[in-house]
Amino acid sequence: MEEGLVASMELWPGPWTMLLFFLLLLLLLVPVLWGYSTSAKYFCKMAFYNGWILFLAVLAIPVCALRGRNVENMKILRLMLLHIKYLYGIRLEVRGTHHFPPTQPYVVVSNHQSSLDLLGMMEVLPGRCVPIAKRELLWAGPAGLACWLAGVIFIDRKRTGDAISVMAEAAQTLLSQNVRVWVFPEGTRNHNGSMLPFKRGAFHLAVQAQVPIIPIVMSSYKDFYCKKERRFTSGTCQVRVLPPVATEGLTPDNVPDLADRIRHSMLTVFREISTDGRGGGDYLKKPGGAGEAGP
């Protein structure tokens, strides 16, 4: 009886054999799914996108650590991330970079569609500019540590008092260290082909520091990327840097009008560059699309 049990256990494959078997099975299935399933392509591409960024963060950490937490480390991250667009066949057409003030600090505001916004950001990121990000990113393993070393400003959006104090500190940093900040004023990713109402933190920051606001608009990704449809192909994204908006002499009472005015101008440009045949297709003409959204 015992001999039979031992023999059956010896015949049963061990954990490493089972793992190897499943890996080989996965390697066989991936090409099949890749050829017949758009969704499989989407998940594979997104998995590689996120995994590759984490891998690059691991490589960047020891290099950035030599300088410590420093906004200049953002140049290292940018250099390491610029090539990703070529891996995915995404062409970025940039116009208006001459609108960036050459020396003074300022606040950049940009629309927020998906994690692919990172590609557009790295393409046009000016010197000494760091994003303001949600605090959860700080705990995202190597990516969080790399961002911290690059001087990224983290905000706990669930704690209003903490966010206000961080913004006040950021305003002082803008002026004292000649730093620029990049903010996504929608506050979260927006996949519906329009722009969500803008949160006003970025505009309060600019008014408090009395520095200009530089709006940046990225065209819709709909012709090559759609999370709902599980579609991720190659395509073109247009990036427009708009003229700076002055804040000198403005007060907190002017912030609501300032935010609405900038959102309206950005949404107008978004519609234009997303319907020219290269930045989003005809979806804007459909009911409920950005073409029918109000400013």
Please name the pair of heavy atoms, one in [X] and one in [Y], separated by the smallest distance, quoted to 0.1 Å.
X    : Y    : answer
D223 : T233 : O-OG1, 3.9 Å
A65  : L149 : N-CD1, 4.1 Å
F224 : S234 : CB-O, 3.2 Å
C147 : L137 : SG-CD2, 4.0 Å
A143 : L54  : CB-CD2, 3.8 Å
C129 : M74  : O-CG, 3.5 Å

Are [X] and [Y] linked, directly or through other ILVMFWY residues, by side chains that come within less than 4.5 angstrom of each other?
X    : Y    : result
Y221 : F43  : yes
L81  : L87  : yes
L175 : L250 : yes
L196 : M266 : no
L79  : F55  : no

Donor-acceptor pair, [X] side chain versus [Y] backbone, under 3.5 Å?
X    : Y    : answer
D117 : S114 : yes
E248 : V211 : no
K199 : G187 : no
Y49  : S115 : yes
R69  : W148 : yes
Q238 : S274 : no

Atom pair [atom1] ([X]) and [atom2] ([Y]), whose distance is rounded to the nearest 0.5 Å:
X    : Y    : atom1 : atom2 : value
Q104 : L174 : CD    : CG    : 11.0 Å
I273 : T236 : CD1   : OG1   : 12.0 Å
M121 : S110 : CE    : OG    : 7.0 Å
I53  : L77  : CD1   : CG    : 11.0 Å
R271 : M195 : CZ    : CE    : 9.5 Å
I61  : L66  : CD1   : CG    : 12.5 Å

Is atom CZ of F48 surrounded by more than 12 heavy atoms (other residues, nucleotides or ligands) closer than 6.0 Å?
->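 For F48, atom CZ is crowded (more than 12 foreign heavy atoms under 6.0 Å).
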
Applying side-chain contact (heavy atoms from CB on, under 4.5 Å), name anything that partners V63, two or more places apart in sequence or on another chain.
->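 Checked V63 against side-chain contact (heavy atoms from CB on, under 4.5 Å); matches are I76.
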
Which residues satisfy the salt bridge (charged side-chain N to carboxylate O under 4.0 Å, His left out) test with R180, sequence neighbours excluded?
->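 By the salt bridge (charged side-chain N to carboxylate O under 4.0 Å, His left out) rule, R180 matches no residue at all.
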
Test salt bridge (charged side-chain N to carboxylate O under 4.0 Å, His left out) applied to R230 - qualifying residues, sequence neighbours left out |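 Checked R230 against salt bridge (charged side-chain N to carboxylate O under 4.0 Å, His left out); zero matches.
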
Close side-chain approach of [X] to [Y], heavy-atom, < 4.5 Å:
X    : Y    : answer
V245 : F203 : no
L242 : H99  : no
K45  : Y225 : no
L56  : I84  : yes
K227 : Y42  : yes
V179 : P105 : no
V107 : T247 : no

Go through F198 and L258 one step at a time and tell me if the side chain to side chain contact (heavy atoms under 4.5 Å, CB included) criterion holds.
-> CA-CA 11 Å; F198 282 0; L258 176 67; over 6 Å; no

Fit a plane to each ring of H112 and F184, take the angle between them on a 0 to 90° scale, and name the class: parallel (under 30°), tilted (30 to 60°) or perpendicular (over 60°).
->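 Parallel: the ring planes of H112 and F184 meet at under 30°.
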
By side chain to side chain donor-acceptor pair (under 3.5 Å) - contacts of N254 (at least two apart) |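 By the side chain to side chain donor-acceptor pair (under 3.5 Å) rule, N254 matches T251.
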
Does Q177 have any side chain to side chain donor-acceptor pair (under 3.5 Å) partners at least two apart in sequence or in another chain, and if so, which?
->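 Counting only residues at least two positions away or on another chain, Q177 forms no side chain to side chain donor-acceptor pair (under 3.5 Å).
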
Any side-chain hydrogen bond (donor to acceptor under 3.5 Å, both in side chains) pairs touching residues 73-88, not counting sequence neighbours?
->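 Applying side-chain hydrogen bond (donor to acceptor under 3.5 Å, both in side chains) to every pair that reaches into residues 73-88, excluding sequence neighbours, yields W52-H83, R67-N73, E72-K75, K85-E123.
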
Just do the side chain to side chain contact (heavy atoms under 4.5 Å, CB included) check on I214 and W182 with the steps written out, would you?
-> CA-CA 9 Å; I214 312 295; W182 186 302; over 6 Å; no

